[in-house]
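Predicted model, so just to flag it, every value in this text is computed and none were measured.
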Amino acid sequence: MAASQFNPGERDPLALRPEDCNRGHACQFCPQEVECQLDKALHEKSLLEKRLADIGQVVLVMANKGGVGKSTVTANLAIAMARKGFRVGVADADIHGPNQSRLFNLVGHKVKLAANGLETPGCFGDTLPEPVKVASLAFLMQSDDTPIVWRDAYKHDFIHHLIGSFDWGPLDFLFVDMPPGTGNELITLADLLEGHPTAGVLTTTPQDIALMDSLKAFRFCEERQLPLIGVVENMAGVTCPNCATEFHLFPNTPLEKVLQELDLPSIAKIPFSPALAVASDSGQPVALETPDSREARAFAGAAEACLAYARAGQLEAGEQELNYLAKASVADMLANPELLPEQFRTGPEADALNELLKAEQQRLRNQG
């Protein structure tokens with residue numbers, strides 16, 4: 001068999017080309033994948049980086065136990081934030097029980113593949129200042145009751161598609177509806193979002209068994225150094241429809257004690273409410289339909305806590321950049337522009353800063 005010849009200095013004809021195709025979706029969705037000679041690993045990496053560069057604060061809505069209302073909390077948190085005028089997305093990471101399609105009245109919706117990626121339908125744009133963008137595995141399934149029987153490798157790939165292949169566009173907040181537990185989906189997202197502004201919101205109900213499971217999610221966040229904004233207490237009380245007396249279905253003393261011991265703030269107490277259940281099932285979340293209701297006001301308070309956390313993070317990042325600029329020498333910054341904060345490297349800010357630094361350097365030379 002003849003051996004192929006390759007001379008040093010020439011391009012290896014079998015090597016992948018390092019150029020990126022600039023398509024907004026992963027290679028698995030591309031009809032040219034089989035014959036493509038571009039560097040697929042480079043494409044997947046750059047695709048995620050480009051998506052995250054346009055996304056602000058990511059909030060993972062978590063609980064280690066199923067049935068405590070993560071999906072309802074996620075949807076209503078997103079709508080409450082969108083009502084404030086922010087650009088908001090909802091990523092449904094619950095692979096085995098993707099419910100955001102129902103909460104946003106998108107049951108049966110099928111997404112299209114375009115050059116910019118998989119479609120993220122915008123919801124309630126006629127009511128909100130900005131429509132909420134939604135992505136879910138439900139949009140890729142044949143029917144809403146199709147079971148997902150996947151091993152971890154497939155779950156890992158889908159989480160990457162969820163962030164990288166869906167066309168999110170610029171977002172101020174991305175709320176992620178997490179599955180129960182601390183398994184592959186959460187681990188993959190924690191790895192993927194490392195270094196990006198990310199925090200968690202724990203959802204729990206007052207029973208001891210739910211609280212016990214929620215603490216496992218808390219310990220995961222501790223180990224991964226994932227900040228927690230606070231806890232949303234779901235089913236936190238009932239108002240009698242006849243006498244308007246408020247009472248608790250479950251004893252809430254253990255929850256209050258544990259939150260105090262862990263120094264975790266309760267950012268919302270969501271009542272056990274038939275109206276909330278009906279609104280969610282009908283695809284018209286209560287934060288949208290009845291914004292003045294007790295339930296909607298509770299979600300608005302949780303959204304305010306998420307906003308305060310994000311703003312505090314931005315202030316801290318801004319202070320660090322200012323401290324850097326104050327301490328760095330002019331010569332260092334001129335010689336190593338890559339040391340500058342990214343927003344000062346290109347565009348009008350970069351040109352203005354460059355002129356300012358040159359003038360300052362000339363002034364120092366004249367003094368010398």
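- Counting heavy atoms from C-beta outward, M235 and I270 have side chains that stay 4.5 Å or more apart.
- Taken to the nearest 0.5 Å, the CG atom of D281 stands 9.5 Å off from the CG atom of L276.
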Can I get a per-line list of side-chain donor-acceptor pairs under 3.5 Å for residues 186-196, giving both atom names and the distance, sequence neighbours left out?
{"unit_1": "T188", "atom_1": "OG1", "unit_2": "N184", "atom_2": "O", "d": "2.8"}
{"unit_1": "T188", "atom_1": "OG1", "unit_2": "N184", "atom_2": "OD1", "d": "3.3"}
{"unit_1": "D191", "atom_1": "OD1", "unit_2": "R224", "atom_2": "NH1", "d": "3.1"}
{"unit_1": "D191", "atom_1": "OD1", "unit_2": "R224", "atom_2": "NH2", "d": "2.8"}
{"unit_1": "H196", "atom_1": "NE2", "unit_2": "I55", "atom_2": "O", "d": "3.1"}
{"unit_1": "H196", "atom_1": "NE2", "unit_2": "G56", "atom_2": "O", "d": "2.8"}

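- For Q142, the CD atom counts as loosely surrounded, since its 6.0 Å shell holds 12 or fewer non-hydrogen atoms of other residues, nucleotides or ligands.
- By the 4.5 Å heavy-atom criterion applied to side chains, T204 and V231 are counted as neighbours.
- Note: the hydrophobic cluster containing L47 does not contain L162 (ILVMFWY, side chain heavy atoms under 4.5 Å, direct or indirect links).
- Under the 4.5 Å side-chain heavy-atom criterion for grouping Ile, Leu, Val, Met, Phe, Trp and Tyr, V176 is connected to F218 within one hydrophobic cluster.
- Summarising the geometry of A80 relative to A303, their closest heavy-atom pair is CB-CB, 3.8 Å, with the distance given to 0.1 Å.
- Contact detail for T203 and A63: the closest heavy-atom pair is O-CB, 3.1 Å.
- Here the CG-NZ distance, from N64 to K216, works out to 6.0 Å after rounding to the nearest 0.5 Å.
- In summary, K45 and E49 engage in a salt bridge, as defined by a charged side-chain N under 4.0 Å from a carboxylate O.
- Remark: the H96 side chain and the K155 side chain contain an N/O donor-acceptor pair separated by less than 3.5 Å.
- No side-chain heavy atom of F139 sits under 4.5 Å from any side-chain heavy atom of P98.
- Under a hydrophobic-cluster definition in which Ile, Leu, Val, Met, Phe, Trp and Tyr are linked whenever side-chain heavy atoms come within less than 4.5 Å, directly or via other members, V68 and L228 are assigned to different clusters.
- A side-chain donor-acceptor contact under 3.5 Å links S143 and T146.
- A distance of 12.5 Å separates CG in L60 from CD in E185, rounded to the nearest 0.5 Å.
- For the side-chain hydrogen bond (donor to acceptor under 3.5 Å, both in side chains) test, residues two or more places apart in sequence or in another chain that qualify with K84 are E304.
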List the steps and the verdict of side-chain contact (heavy atoms from CB on, under 4.5 Å) for M81 and L307.
CA-CA 8 Å; M81 192 66 78; L307 178 57; 4.2 Å; yes
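- Grouping the Ile, Leu, Val, Met, Phe, Trp and Tyr side chains by contacts below 4.5 angstrom, directly or via other members, places V90 apart from V107.
- I163 and Y154 fall within the same hydrophobic cluster, defined by Ile, Leu, Val, Met, Phe, Trp and Tyr side-chain heavy atoms under 4.5 Å apart, directly or through other members.
- Atoms SG and NZ, on C30 and K40 in that order, are 8.5 Å from each other to the nearest 0.5 Å.
- The minimum heavy-atom distance between D167 and T120, with the atom names listed, is O-OG1, 2.7 Å.
- Side-chain atoms of R297 come within 3.5 Å of backbone atoms of D292 as a donor-acceptor pair (strictly under, hydrogens ignored).
- Remark: side-chain polar atoms of S293 are paired, donor with acceptor, to backbone N or O of A296 under 3.5 angstrom.
- Judged by distance alone, the side chain of K133 and the main-chain N or O of L174 form no donor-acceptor pair under 3.5 Å.
- Looking at F299 and P285, their side chains never come closer than 4.5 Å, going by heavy atoms from C-beta outward.
- The aromatic rings of F166 and W168 lie tilted to each other, with the angle between the two planes from 30° to 60°.
- Pairing each heavy atom of S71 with each of L103, the nearest pair is O-CD1, 3.4 Å.
- Side-chain contact between P197 and V58: absent, with no pair of heavy atoms (C-beta onward) separated by less than 4.5 Å.
- For the pair S165 and R51, the tightest heavy-atom approach, listed with the atom from each and the gap, is O-NH2, 3.8 Å.
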Output, in order, the C-alpha distance, side-chain angles, deciding distance and verdict of side-chain contact (heavy atoms from CB on, under 4.5 Å) for H43 and C21.
CA-CA 7 Å; H43 173 64; C21 65; 3.5 Å; yes
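- Taking a 6.0 Å sphere around CZ of R102, one finds it holds 12 or fewer heavy atoms contributed by other residues, nucleotides or ligands.
- Q32 is listed as a side-chain neighbour of R23, based on a closest heavy-atom distance under 4.5 Å.
- At least one side-chain heavy atom of L140 sits less than 4.5 Å from a side-chain heavy atom of F158.
- No donor-acceptor distance shorter than 3.5 angstrom exists from the side chain of N234 to the backbone of T205, with no hydrogens or angles considered.
- Residues V201 and Y309 fail the side-chain proximity criterion, which asks for heavy atoms closer than 4.5 Å.
- Between E295 atom CD and E289 atom CD the span is 13.0 Å, to the nearest 0.5 Å.
- A distance-only check finds no donor-acceptor pair linking the side chain of D172 to the backbone of F86 [under 3.5 Å].
- Within a 6.0 Å sphere centred on CD of Q260, other residues, nucleotides and ligands contribute 12 heavy atoms or fewer.
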Step by step, would you call R83 with L128 a side-chain contact (heavy atoms from CB on, under 4.5 Å)?
CA-CA 6 Å; R83 290 183 64 85; L128 299 170; 3.5 Å; yes
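- Using a 4.0 Å cut-off between charged side-chain N and carboxylate O, R87 and E130 make no salt bridge.
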Give the intermediate values and the outcome of side-chain contact (heavy atoms from CB on, under 4.5 Å) for residues S136 and F104.
CA-CA 11 Å; S136 175; F104 282 91; over 6 Å; no
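- Looking at every heavy atom in both residues, V134 comes nearest to C123 through CG2-SG, 3.9 Å.
- A distance of 7.0 Å separates CG of D92 from OG of S101, quoted to the nearest 0.5 Å.
- The side-chain hydrogen bond (donor to acceptor under 3.5 Å, both in side chains) check on Q100 picks up D177, with sequence neighbours excluded.
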